[in-house]
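See below for the structure under consideration.
Just so we're on the same page: letters track the sequence lines, and every chain starts at 1.
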Protein chains: 2
Amino acid sequence: MSEKEVFRAVTATDVARVAGVSQSTVSLVLNGKGRGRISDSTVRRVTAVAQRMGYRINQSARHLRLGASGTALLAVPTLANSAFAAVHAGAARRGAEHGLGLVVFPVGAEDGAGRFLLPQQALDGIIACSMPAETVAEVSAGVPLVILDDASAAGVPAVTMDVAAGMAMALNRLLELGHRRIAHVRAERPAWTFVQRARAFDLGVGTRPDIAVQRIPCPFSPAAVRDRVMPVLSAADRPTAVICDDDNMASGLYSAAMGLGMGIGTDVSVVGFNDAPVALQMIPPLASVRLPLEELGEQGVRALVGLRGGEPARPVNLPVEFVERESIGPAPRE
Amino acid sequence: MSEKEVFRAVTATDVARVAGVSQSTVSLVLNGKGRGRISDSTVRRVTAVAQRMGYRINQSARHLRLGASGTALLAVPTLANSAFAAVHAGAARRGAEHGLGLVVFPVGAEDGAGRFLLPQQALDGIIACSMPAETVAEVSAGVPLVILDDASAAGVPAVTMDVAAGMAMALNRLLELGHRRIAHVRAERPAWTFVQRARAFDLGVGTRPDIAVQRIPCPFSPAAVRDRVMPVLSAADRPTAVICDDDNMASGLYSAAMGLGMGIGTDVSVVGFNDAPVALQMIPPLASVRLPLEELGEQGVRALVGLRGGEPARPVNLPVEFVERESIGPAPRE
DNA sequence: TTGTACGCGTTATCAA
DNA sequence: TTGATAACGCGTACAA
């Protein structure tokens with residue numbers, strides 16, 4: 001009556017019975033640990049029977065026995081941002097070195113459509129990327145945890161990128177180029193990284209009373225930025241340089257400037273964040289603060305593995321780089 | 001000596017010992033099945049002790065006992081394409097209704113950086129999206145499998161979108177508008193979906209000897225498209241309408257056209273695929289073949305759940321829609 | 001060279 | 001209202 005009767009999976013014991021050996025022999029053979037222990041003929045027979053019967057290992061049982069699942073979760077706010085593809089790539093690469101596979105779970109808070117049901121899977125650890133600490137607490141139920149791109153949670157190993165320094169580099173370069181009216185297009189998100197950037201901007205201009213500053217909070221999409229900055233760029237006291245919290249936001253700024261007939265890098269200088277592939281595709285190419293996303297993922301796994309090894313959780317802050325391109329130039333003469 | 005000595009996890013048995021009850025009582029309480037069976041005082045005591053000792057369930061043991069993990073894997077070619085975010089959203093929503101959590105795994109073949117190590121986790125099923133059948137076979141080792149956006153594998157339940165019909169709709173509309181020189185910018189990828197689109201395009205123009213056709217294979221990025229189509233749009237026999245395999249590719253076409261001083265929707269009509277958010281952000285808004293990506297995910301889970309229920313695997317082909325916008329218009333007069 | 005026996009931590013059945 | 005007890009399928013120490 002039960003489904004189990006109909007679809008019962010083939011177990012190692014089943015294989016053993018058919019092959020006429022014990023279950024432990026099957027286990028040895030299938031794990032390649034039969035070298036010099038199990039006779040070649042037995043190895044061949046067991047392998048053939050397992051193949052024929054369609055045996056596949058029960059991972060739950062294996063994990064229970066081993067006390068580990070070999071899988072870690074990379075929790076991200078959303079899948080609709082290719083930055084996390086880079087983080088995963090780095091994490092997966094480093095994970096492979098430790099026999100750790102990495103699956104991705106979009107928590108979904110940013111998509112507005114409520115949060116997704118967290119899978120109740122067996123995990124050796126969780127790496128939470130760019131998420132508010134309270135969301136993270138929800139996600140990780142006691143599993144070893146590392147937080148990426150957020151340093152707001154106490155007592156949890158964190159890997160961050162020095163976005164504040166990145167902001168300072170961009171700002172200083174613009175000041176060097178003579179800009180005195182500077183805007184910061186801010187992502188309207190509560191993420192730690194954006195708070196840091198805002199603070200660094202405020203700090204950088206705070207000591208300079210000769211600088212006219214505009215802070216422009218915007219939704220994340222290029223279209224929203226375009227609409228929001230259009231009036232700003234049309235005004236008489238328009239900024240001659242704009243720093244955007246994201247390359248895609250910068251592309252919205254490009255649209256607005258082009259719509260107003262303004263030249264990027266001449267009439268208005270633009271800087272982005274991330275140095276995503278899109279930065280090079282824009283015309284002119286976008287100056288951007290390059291974030292070491294892959295290394296962020298790598299270091300996340302490193303910290304997680306260290307955690308299991310009992311290492312103390314010391315914070316890591318990765319350096320960033322300012323990539324200068326044609327989207328910035330000297331401040332226009334008045 | 002072993003790590004297990006040092007970091008042994010708290011088990012239900014440990015909780016039972018401290019709380020002075022049996023392990024089965026702990027299980028009953030912690031699973032909320034103590035209603036009317038376990039006394040309130042015991043429930044409170046057990047809950048408190050579990051909390052205090054930091055008990056967390058061993059999912060591997062639970063899954064072994066239950067014969068299921070409550071987790072399915074959504075395998076995608078890459079994370080660097082937000083289309084899969086929509087697929088996941090649909091799948092996760094439907095999965096939640098069946099107590100099925102969905103994690104994502106980017107196989108990585110498309111990123112060129114080789115494939116990622118497949119996590120050896122306990123899975124109730126795999127949903128493979130937009131991937132060649134041979135890649136899929138590699139990924140799914142006997143686990144119940146559903147394939148999305150690909151109908152090339154025999155014997156595997158598949159959910160597809162009727163991209164051929166979408167192509168036909170776009171093509172017919174352009175013909176209606178008087179276009180007689182039409183190009184198809186094709187994604188240079190072996191995916192089934194792109195093959196279908198190419199065939200549908202060829203089929204649609206095949207019966208019309210009065211139509212001048214150009215087939216332009218391109219890498220997926222906007223910049224690549226821009227560079228590739230620039231000479232095409234400059235030629236004397238330039239197409240008056242272009243269908244692109246992706247909205248982002250269409251944005252590359254926008255760049256090229258603008259660079260040549262051509263008007264989108266006037267000098268050249270443009271159609272995309274996906275109807276991604278970016279389609280509305282472009283200027284002018286991009287006409288596009290809207291793909292039901294969320295429903296694709298939903299139907300994928302549906303098929304997977306049906307599979308476990310022993311349902312026959314019958315293929316599903318979801319209808320698509322052509323969304324007309326200002327990027328297309330009547331063919332320019334010669 | 002192979003088999004026996006045990007335990008991983010949980011859920012569920014039954015008896016008390 | 002609670003407690004023994006038996007699986008679930010696997011890996012491995014140890015016996016044969």
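For B/S27 and C/dA12, a side-chain-to-base donor-acceptor distance below 3.5 Å is absent, hydrogens and geometry of angles not being considered. Within 3.5 Å, a donor on the side chain of A/S24 pairs with an acceptor on the base of C/dT4, or the reverse.
Donor-acceptor pairing under 3.5 Å is recorded for the side chains of A/T42 and A/S39. Judged by distance alone, the side chains of A/S27 and A/S24 never bring a donor and an acceptor atom under 3.5 Å apart.
At whole-Å resolution of the value, CG in B/L66 and P in C/dT13 are 12 Å apart. As rounded to whole Å, 13 Å separates atom P of C/dT1 from atom CZ of A/R44. At whole-Å resolution of the value, CZ in A/R65 and P in D/dA7 are 20 Å apart. If you measure from atom CG of A/L28 to atom C1' of C/dT2, you get 9 Å, rounded to the nearest angstrom. The distance between atom CE of A/M53 and atom P of D/dG9, rounded to the nearest whole Å, is 13 Å. Rounded to an integer number of Å, the gap from CD of B/Q121 to P of D/dC10 is 18 Å. Remark: C1' of D/dG3 and CD1 of B/I38 are 10 Å apart, rounded to the nearest angstrom. Between the NE2 atom of B/H63 and the C1' atom of C/dG9 there is a distance of 12 Å, rounded to whole Å.
Counting heavy atoms from C-beta on, the side chains of B/Q121 and A/S69 never come closer than 4.5 Å. Side chains of A/L307 and A/P157 form a contact here, defined as non-hydrogen atoms less than 4.5 Å apart.
Of all non-hydrogen atoms in A/G300 and A/L148, the two that sit nearest each other are CA-CD1, 3.7 Å. Looking at every heavy atom in both residues, B/V146 comes nearest to B/V159 through CG1-CG2, 4.5 Å.
Of the side-chain N and O atoms in B/S22, one or more sit less than 4.0 angstrom from OP1 or OP2 of D/dG3. One finds a side-chain N or O of A/T42 lying less than 4.0 angstrom from the OP1 or OP2 phosphate oxygen of C/dT2. Between A/R62 and D/dG11, a side-chain N or O to OP1/OP2 separation shorter than 4.0 Å is present. The shortest distance between the side-chain N/O atoms of B/T25 and the OP1/OP2 oxygens of D/dG3 is below 4.0 Å. Contact check, B/N58 against C/dC8: no side-chain N or O comes under 4.0 Å of OP1 or OP2. Phosphate contact (OP1/OP2 of D/dT2, side-chain N/O of B/S39, threshold under 4.0 Å): present.
Between B/K33 and B/L64, the residue whose closest nucleotide on DNA chain C is further toward the 5' end is B/L64. Nearest-nucleotide positions on DNA chain D for B/A61 and B/R45 put B/R45 closer to the 5' end.
B/Q59 comes within 4.0 angstrom of no nucleic acid atom, judged by non-hydrogen atoms across all strands. Residue-level contact check: B/I57 touches the backbone only, with heavy atoms under 4.0 Å from sugar-phosphate atoms and none from bases.
Checked against C/dT2, D/dC10, C/dT10, the side chain of B/T13 finds its nearest nucleotide in C/dT10.
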